[in-house]
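Worksheet for the structure shown next.
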Amino acid sequence: MAAIKCIGILTSGGDAPGMNAAIRAVTRTAIYNGFTVKGILRGYRGLVTNEIVDFHSSSVSNIIQLGGTILKTARCEEFKSVEGRQQAYENLKAAGIDALVVIGGDGSLSGANILAQEHDIPIVGLPGTIDNDLGGTDATIGYDTALNTIMEAVDKLRDTASSHERLFFVEVMGHTAGYLALNGAIATGSEAAIIPEMDTEVDQLAELISQGFRKSKNSAIVIVAENPRTGGAMGLAERVKKEFPQYDARVTILGHIQRGGSPSAQDRILASRMGAMAIQAIMEGQRNVMIGIQNNELVYVPFSRAVRHNKSINRDYVNLVKILSM
């Protein structure tokens with residue numbers, strides 16, 4: 001394998017707080033170790049359309065505190081085709097890029113995996129997603145900040161909920177993974193979390209109502225993970241109207257505010273550690289791996305394992321929500 005001299009970096013998929021901290025760490029660690037760095041704008045679309053710019057240490061000054069991504073991100077249908085990926089590879093070679101760091105979620109890392117299999121280029125991934133749904137890592141970049149955003153929003157909502165006798169459904173993101181909903185419920189003292197992982201086992205709404213959520217309370221807040229199968233919070237509220245008309249159900253969808261905002265200290269530190277480790281991985285000759293964190297130790301996770309969608313929910317947390325909401 002030829003010596004690596006230039007490292008490219010891109011962010012792809014949904015943005016997550018802490019992506020800029022990761023971009024900064026990758027750039028500066030690469031330069032510290034004698035590599036040149038190129039930033040690829042708008043994710044895989046920028047690879048296909050050749051939006052590649054030189055990156056210097058000053059390019060990442062004063063960005064660690066910013067939400068979003070300075071490299072931008074975009075959807076790219078062309079990259080899903082063999083021809084599109086061939087064009088992307090040719091643009092990488094023409095720009096002199098010998099290795100690539102991809103920051104994103106499961107779709108982004110799946111794309112990186114296919115590109116790496118089709119073309120001989122070392123790729124290292126960083127888990128940048130608020131959903132925390134990638135395998136082989138305890139946490140993803142942006143997850144902690146999103147959780148804090150949910151907590152602050154629900155705290156405000158509880159002020160108004162306690163003034164009315166209502167059942168409040170609060171929908172959070174998660175892309176069919178219940179981490180934000182479950183941990184959000186614990187952090188906010190919510191009465192229940194309705195998560196995709198429990199969908200096939202039990203009718204979570206019927207269970208909630210049958211337990212008589214109002215035994216000692218005049219209102220209840222239920223955190224709901226977005227889920228195409230249940231229709232999310234709106235779907236559940238419709239069911240309440242039909243099946244349990246004695247209850248007044250209201251819906252709040254937190255939506256994209258969960259993705260925004262200045263990253264928490266935890267996300268900045270995680271992103272910085274993972275970004276530096278990505279360069280270390282390239283120097284060690286690693287390829288087609290994601291940097292993960294397990295028990296506070298950074299680890300290499302093969303792309304195929306990272307995107308497998310078999311990360312299980314902690315059942316102790318599910319029980320904890322039930323116990324603490326009495």
Side-chain angles (χ1 to χ4, degrees), residues 4 7-33 35 37 39-40 43 55 57 59-60 63-71 73 99-113 116 122-148 179 259 262-308 311:
I4 291 170
I7 295 171
I9 175 171
L10 65 83
T11 52
S12 170
D15 60 299
M19 279 185 165
N20 285 324
I23 294 166
R24 174 179 178 269
V26 170
T27 302
R28 291 197 168 163
T29 308
I31 291 167
Y32 178 85
N33 284 287
F35 298 104
V37 179
I40 298 140
F55 250 43
S57 186
S59 307
V60 294
I63 68 167
I64 196 168
Q65 77 281 13
L66 301 178
T69 160
I70 62 161
L71 285 172
T73 176
L100 189 60
V101 176
V102 172
I103 307 167
D106 59 341
S108 309
L109 298 188
S110 296
N113 196 25
I123 305 181
V124 174
L126 297 184
T129 167
I130 67 169
D131 301 336
N132 197 29
D133 59 349
L134 289 165
T137 186
D138 295 340
T140 57
I141 296 164
Y143 172 62
D144 183 67
T145 306
L147 202 50
N148 278 291
Y179 294 95
R259 286 221 185 124
S262 184
S264 65
Q266 200 165 319
D267 273 329
R268 296 182 198 197
I269 294 163
L270 181 66
S272 298
R273 288 178 66 193
M274 285 180 163
M277 191 69 168
I279 302 303
Q280 187 65 41
I282 289 167
M283 290 165 68
E284 287 177 13
Q286 294 283 344
R287 49 202 300 150
N288 312 346
V289 295
M290 178 190 83
I291 308 297
I293 188 162
Q294 296 171 8
N295 300 319
N296 208 31
E297 295 291 323
L298 294 178
V299 294
Y300 298 143
V301 182
F303 281 154
S304 55
R305 183 178 163 216
V307 301
R308 208 177 283 158
K311 190 169 171 180

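Side chains are part of it too, since the values below use all heavy atoms of this structure and drop only hydrogens, waters and symmetry mates.
Across all their heavy atoms, Val124 and Ala281 have their closest contact at CG2-CB, 4.1 Å. The heavy-atom pair separating Pro127 from Ala139 by the smallest distance is CG-O, 4.4 Å. Contact detail for Ile130 and Ala146: the closest heavy-atom pair is CB-CB, 3.7 Å. Shown here for Asp133 and Lys311, the closest heavy-atom pair between the two residues is C-CD, 4.3 Å. Here the shortest heavy-atom pairing between Asp267 and Gly142 reads OD1-N, 3.0 Å. Across all non-hydrogen atoms, the minimal contact from Leu298 to Met274 is CD2-CG, 4.0 Å.
Distance check, rounded to the nearest 0.5 Å: CD1 of Ile4 to CE of Met283 gives 10.0 Å. The CG atom of Leu270 lies 11.0 Å from the CD1 atom of Ile291; values are rounded to the nearest 0.5 Å. Once rounded to the nearest 0.5 Å, the distance linking CG of Leu71 with CD1 of Ile63 reads 8.0 Å. For the atom pair CZ (Phe55) and CD1 (Ile40), the distance works out to 10.0 Å, reported to the nearest 0.5 Å. One finds the CD1 atom of Ile282 at 10.5 Å from the CZ atom of Arg287 (value rounded to the nearest 0.5 Å). Summarising the geometry, atom OG belonging to Ser59 is positioned 11.0 Å from atom CD1 belonging to Ile9; distances are rounded to the nearest 0.5 Å.
Put simply, the residue from Val37, Asn33, Val60 that forms a side chain to side chain contact (heavy atoms under 4.5 Å, CB included) with Arg28 is Val60.
Heavy-atom contacts from other residues, nucleotides or ligands closer than 6.0 Å to CD of Gln286 number more than 12.
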**Prompt:** Passes side chain to side chain donor-acceptor pair (under 3.5 Å), Thr145 versus Arg268? Steps please.
**Reply:** CA-CA 10 Å; Thr145 306; Arg268 296 182 198 197; over 6 Å; no
**Request:** May I have the step-by-step check of side chain to side chain contact (heavy atoms under 4.5 Å, CB included) for Phe303 and Ile123, ending in yes or no?
**Result:** CA-CA 10 Å; Phe303 281 154; Ile123 305 181; 4.1 Å; yes
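Looking at heavy atoms from C-beta onward, Arg305 lies out of side-chain contact with Met290 at the 4.5 angstrom threshold. Within the 4.5 Å cutoff, side-chain heavy atoms of Asp106 are placed close to those of Leu134. Under the 4.5 Å side-chain criterion, counting only non-hydrogen atoms from C-beta, Met277 is not in contact with Ile293. Within the 4.5 Å cutoff, the side chain of Ile141 has no heavy atoms near those of the Pro263 side chain. Using a 4.5 Å heavy-atom threshold, the side chains of Val102 and Leu109 count as touching. Using a 4.5 Å cut-off on side-chain heavy atoms (C-beta onward), Thr137 and Val301 make no contact.
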Please report, to 0.1 Å, the donor-acceptor pairs under 3.5 Å made by any side chain of residues 17-24, with sequence neighbours excluded.
residue : atom : partner : partner atom : Å
Asn20   : OD1  : Ile70   : N            : 2.7
Asn20   : ND2  : Leu66   : O            : 3.3
Asn20   : ND2  : Gly67   : O            : 3.2
Asn20   : ND2  : Gly68   : O            : 3.4

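Here Leu147 pairs with Tyr143, Leu180, Asn183 under the side-chain contact (heavy atoms from CB on, under 4.5 Å) rule; sequence neighbours left out. Every residue meeting the side chain to side chain donor-acceptor pair (under 3.5 Å) condition with Asp144, not counting sequence neighbours, appears here in chain and number order: Asn148, Ser264. Evaluation of the side chain to side chain donor-acceptor pair (under 3.5 Å) rule for Glu284 yields Gln280, Tyr300 as partners, not counting sequence neighbours. For Thr11, the side chain to side chain donor-acceptor pair (under 3.5 Å) criterion is met by Thr69, not counting sequence neighbours. Annotation: side chain to side chain donor-acceptor pair (under 3.5 Å) contacts of Arg259 (sequence neighbours excluded): none.
At least one donor-acceptor pair under 3.5 Å links the side chain of Ser262 to the backbone N or O of Gln65. Without hydrogens or angle criteria, Gln294 side chain to Gly136 main chain gives a donor-acceptor distance under 3.5 Å.
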